[in-house]
Trainee: 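Just passing along the structure, written as structure tokens.
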Amino acid sequence: MSQPLLILGIAGSLRRQSLNLGLLQAAQELAPASVRIEIATLHDIPPYNADDDGKSHAGVDAFKQRILAADAVLFATPEYNHSIPGVLKNAIDHASRPSGANAWAGKPAAVMGASPGQFGTARSQYELRKVLAAVGMLVMSAPEVMVTLAQGKFDEQGALTDEKTRAHVGKTVQALADWTLRLRGGA
């Protein structure tokens with residue numbers, strides 16, 4: 001049997017009880033046997049400073065290595081002030097630098113998000129897709145997962161309990177796996 005496809009899940013929030021971390025944990029649970037999802041956090045990544053390009057930083061180096069080892073990336077982004085969180089943009093910037101060492105280039109990606117609001121991260125996902133295209137990622141256009149009024153779809157421990165949303169997350173994981181294999185020429 002071949003190695004499972006490795007998808008790196010990245011939540012754009014630092015909160016322990018993040019709804020978007022809960023989405024990624026649901027994706028882990030729902031992934032088919034042919035897919036393994038590992039979740040990376042952004043806690044160890046300092047503010048980006050171009051003066052430090054080319055210098056080693058343990059948190060950044062480890063993050064970039066996880067991206068490079070992954071077959072694809074699944075982003076789960078909250079929406080802050082109609083856009084992506086600064087911590088997520090910061091991490092994307094770090095992993096794209098220095099010039100010639102862009103860890104994102106050519107990686108298949110999918111985007112999803114959960115929000116307590118009525119727009120379900122639609123605006124932040126739009127912004128994130130622009131940034132991911134700019135760093136050379138191959139972003140899947142559909143399915144889209146925009147979880148609205150999310151506080152009622154997770155339990156007190158942060159687990160996604162809404163069955164319709166769980167099914168949609170599962171379909172997205174399968175679609176990302178299929179997209180990744182198609183891009184490799186293997187499907």
Trainee: Under the salt bridge (charged side-chain N to carboxylate O under 4.0 Å, His left out) definition, can you give me all pairs with a residue in residues 73-88, not counting sequence neighbours?
Mentor: Glu79-Arg123

Trainee: List in chain and number order the residues that pass salt bridge (Lys or Arg N to Asp or Glu O under 4.0 Å) with Glu29, two or more places apart in sequence or in another chain; answer none if no residue qualifies.
Mentor: Arg166

Trainee: Can you give each donor-acceptor pair under 3.5 Å made by side-chain atoms of residues 129-145, sequence neighbours left out, with the distance rounded to 0.1 Å?
Mentor:
| unit_1 | atom_1 | unit_2 | atom_2 | d |
| --- | --- | --- | --- | --- |
| Arg129 | NH1 | Met140 | O | 2.9 |
| Lys130 | NZ | Glu127 | OE1 | 3.4 |

Trainee: With sequence neighbours excluded, tell me which residues meet side-chain hydrogen bond (donor to acceptor under 3.5 Å, both in side chains) with Gln151.
Mentor: none

Trainee: Applying salt bridge (Lys or Arg N to Asp or Glu O under 4.0 Å), can you list everything that pairs with Asp93, at least two apart in sequence or on another chain?
Mentor: Lys89

Trainee: Please identify each residue that fulfils side-chain hydrogen bond (donor to acceptor under 3.5 Å, both in side chains) with Ser99, with sequence neighbours left out.
Mentor: none

Trainee: Go through the structure and list residues passing ring pair (Phe, Tyr, Trp, His ring centres under 6.0 Å) with Tyr48, not counting sequence neighbours.
Mentor: His94

Trainee: Report, one line per pair, each donor and acceptor closer than 3.5 Å where one atom sits in a side chain of residues 156-164; sequence neighbours left out.
Mentor:
| unit_1 | atom_1 | unit_2 | atom_2 | d |
| --- | --- | --- | --- | --- |
| Thr161 | OG1 | Lys153 | O | 3.2 |
| Asp162 | OD2 | Thr165 | N | 2.9 |
| Asp162 | OD2 | Thr165 | OG1 | 2.5 |

Trainee: How many angstroms lie between CD1 in Ile10 and CG in Asn20, if you round to the nearest 0.5 Å?
Mentor: 12.5 Å

Trainee: Looking at residues at least two apart in the chain, or sitting in another chain, which of them share a salt bridge (Lys or Arg N to Asp or Glu O under 4.0 Å) with Asp52?
Mentor: Lys55

Trainee: Would you say His82's side chain and Ser124's backbone share a donor-acceptor pair under 3.5 angstrom?
Mentor: no

Trainee: Can you list everything that forms a side-chain hydrogen bond (donor to acceptor under 3.5 Å, both in side chains) with Asp71? Sequence neighbours excluded, please.
Mentor: Arg184

Trainee: Under 4.5 Å between side-chain heavy atoms, chaining through other members, with only Ile, Leu, Val, Met, Phe, Trp and Tyr counted: pull out the rest of the cluster around Tyr126, sorted by chain and number.
Mentor: none

Trainee: For residues 103-110, please give each side-chain donor-acceptor pair under 3.5 Å, one per line with the distance, not counting sequence neighbours.
Mentor:
| unit_1 | atom_1 | unit_2 | atom_2 | d |
| --- | --- | --- | --- | --- |
| Trp104 | NE1 | Ile92 | O | 3.0 |
| Lys107 | NZ | Ile67 | O | 3.1 |
| Lys107 | NZ | Leu68 | O | 3.2 |
| Lys107 | NZ | Ala70 | O | 2.3 |

Trainee: Can you hop from Val73 to Leu128 via hydrophobic side chains spaced under 4.5 Å?
Mentor: yes

